[in-house]
Amino acid sequence: MQLALKFSYILIGSSYSFLLLNKIYFGISLLLGIILMMALSRPNKIYFHFSNIKINFLFLTFLFFLSCSTINSKIFVRSISVEIYLILFILLGLNLFFYLQKKPEAFQKIIKILIISTILNVMIICFYNLINYETYKILTNILRFKGILNIVTILVLILTFFHNKHYLYFPIIFLIPSLILSDSNAPLLGIFSGLFLCLIFFFIHKIRFLKKTVFFLLVAIFTLISLKNVNNLPNKFDIQSIKNFEFKIPTTLIDPHRQFIWGFSLTKFKNNPLLGYGPDTSNFINDSQKIIGHEETGDMTFIPSHPHNFFIEILLELGVLGTFSFILFILFINYKILLNANDREKFYLIFFNGYFWGSSLVNFSFWLGWWQGSYFFILSLIATKIFLKKKKL
């Protein structure tokens, strides 16, 4: 039994090493490891709800609106499948948290394996990129680990959260050339977003008497800037309008293809603003495969499977009700974790969320299993660390 438990720790802690091989292997490793670990320990209790009443209410509210969007979906089978595994990811993270709270020794073993695995992963990616650098200059499309770098980057940057040791800054030496050689913009945006949120939190934390004023002022400024930029996106998609469109948003900031994708998605959102088109169906909306035809985008389609922006994607597919119930659910979970964290831990938690959701503004589909599952897995580990520390005090 002890041998099987150790094997489960290895599967969980090294799951991101399996991701380097195949995304399916990652999922199998993580799921099998967690299920095996929980099955071998008594009592074999499975939790289907949170310990906080408000979180449960927000979770059920989100599930209700998500289910309404699924029922209203253009492709019900596709939507119900992604709804099920989103719920499973959330419950998996929840059960992992409750289990590790009772088994701190298991948490420490998993974290040790995760640290070793992360260091090895970033070294492998770095050396692979260096060895194949000349090939990249000729055939730039064979950047094998470009997508995976999104999650490897945040793992490298939060290693010191789990163990406050100076040597854990060392893997950043391998991370920097990997990001440069892979031409990875999403991780850079994630890092900037994380640092920016930490900076805002720092000033709000220091100026306590202006906390609410500063917060609402920042929200208002961000909303106004977003609305202005939304109005500058393309909103007409006939051949003539596309060819004559002049980019008001600098294409160095948002590339031409994304401007058309986002403009198209937001235009379509207005047709189903409350419930959307259904989870994971953006690629099947009318005209979504129409050729853009603008000289700066070539023959790229409007939505090559998703809008490449998690917020626009869930707004388009879940509508206002599903989108904002999900955001409130995520915000409140993090708020409850934040209340139990010390100052150092708060910055790590804020940076993690800033990185994940910031990089999600320009990269993967919200429904991509390994990316979505990674959020709840890593958040569960962060929460476990914070609450275990509280128990020791």
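These numbers come from the heavy atoms of this one structure, side chains and all, not from hydrogens, waters or symmetry mates.
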**Message:** Just by distance, no angles: are the side chains of Asn129 and Ser182 close enough, under 3.5 Å, to form a donor-acceptor pair?
**Reply:** yes
**Request:** Consider only side-chain N and O atoms of Glu317 and Thr281, and report whether a donor and an acceptor are under 3.5 Å apart.
**Result:** no
What's the shortest heavy-atom distance between [X] and [Y], and which atoms?
X: Val122; Y: Ser178; answer: O-OG, 4.1 Å
X: Ser117; Y: Gly13; answer: CB-O, 3.6 Å
X: Gln101; Y: Thr384; answer: NE2-O, 3.4 Å
X: Phe50; Y: Ile55; answer: CG-CG2, 3.5 Å
X: Tyr9; Y: Ala106; answer: OH-CB, 3.5 Å
X: Trp370; Y: Ile148; answer: CH2-CA, 4.2 Å

**Prompt:** Which residues pass the side chain to side chain contact (heavy atoms under 4.5 Å, CB included) test with Phe247, sequence neighbours left out?
**Reply:** Phe245, Thr251, Pro256, Gln259, Phe260, His294, Glu296
Whether the side chain of [X] engages the backbone of [Y] through a donor-acceptor N/O pair (distance < 3.5 Å, no angle test) should be reported.
X: Asn342; Y: Glu345; result: yes
X: Ser359; Y: Gly190; result: no
X: Asn309; Y: Val362; result: no
X: Ser184; Y: Ala186; result: no
X: Ser15; Y: Ile12; result: yes
X: Ser325; Y: Gly322; result: yes
X: Ser380; Y: Leu94; result: no
X: Asn340; Y: Lys336; result: yes
X: Ser8; Y: Leu5; result: yes
X: Ser29; Y: Tyr25; result: no

Show which side-chain atoms of residues 346-355 pair as donor or acceptor with protein atoms under 3.5 Å away, not counting sequence neighbours.
residue: Tyr348; atom: OH; partner: Thr160; partner atom: OG1; Å: 2.5
residue: Asn353; atom: OD1; partner: Asn334; partner atom: ND2; Å: 3.4
residue: Asn353; atom: OD1; partner: Tyr375; partner atom: OH; Å: 2.6
residue: Asn353; atom: ND2; partner: Asn334; partner atom: OD1; Å: 2.6
residue: Asn353; atom: ND2; partner: Leu349; partner atom: O; Å: 3.0
residue: Tyr355; atom: OH; partner: Asn150; partner atom: O; Å: 2.5

Please check if [X] and [Y] belong to a single hydrophobic cluster, counting links between Ile, Leu, Val, Met, Phe, Trp and Tyr side chain heavy atoms closer than 4.5 Å.
X: Tyr335; Y: Ile333; value: yes
X: Leu21; Y: Ile28; value: no
X: Leu11; Y: Leu88; value: no
X: Phe64; Y: Ile84; value: no
X: Phe377; Y: Leu388; value: yes

**Request:** Give a yes or no on whether Ile53 atom CD1 has more than 12 heavy-atom contacts from other residues, nucleotides or ligands under 6.0 Å away.
**Result:** no
**Asked** Heavy-atom count around Leu331 CG within 6.0 Å, excluding the residue itself: above 12?
**Response** yes
**Item:** Verdict with reasoning, Ile285 to Leu316, per side-chain contact (heavy atoms from CB on, under 4.5 Å)
**Value:** CA-CA 10 Å; Ile285 297 172; Leu316 176 68; 3.6 Å; yes
**Prompt:** In terms of the angle between their ring planes, are His308 and His257 parallel, tilted or perpendicular, with boundaries placed at 30° and 60°?
**Reply:** tilted
**Request:** Give the ring-plane orientation class for Phe97 versus Phe387, where under 30° counts as parallel, over 60° as perpendicular and anything between as tilted.
**Result:** perpendicular
**Sequence neighbours excluded - side-chain hydrogen bond (donor to acceptor under 3.5 Å, both in side chains) pairs with any residue from residues 63-72** = Ser67-Glu83, Thr70-Glu83
**Request:** Would you list the pairs meeting side-chain hydrogen bond (donor to acceptor under 3.5 Å, both in side chains) in which at least one residue belongs to residues 46-65, sequence neighbours left out?
**Result:** Tyr47-Lys102
**Prompt:** Does Leu233 reach the side chain of Phe264, with side-chain heavy atoms less than 4.5 Å apart?
**Reply:** no
**Message:** So, using ring-ring contact (aromatic ring centres under 6.0 Å, His included) as the criterion, who are the partners of Tyr277 when residues are at least two apart?
**Reply:** none
**Prompt:** Excluding sequence neighbours, so at least two apart, what forms ring-ring contact (aromatic ring centres under 6.0 Å, His included) with Phe366?
**Reply:** Phe326
**Item:** Validation row, ring centre Phe356 to ring centre Trp371 under 6.0 Å
**Value:** yes
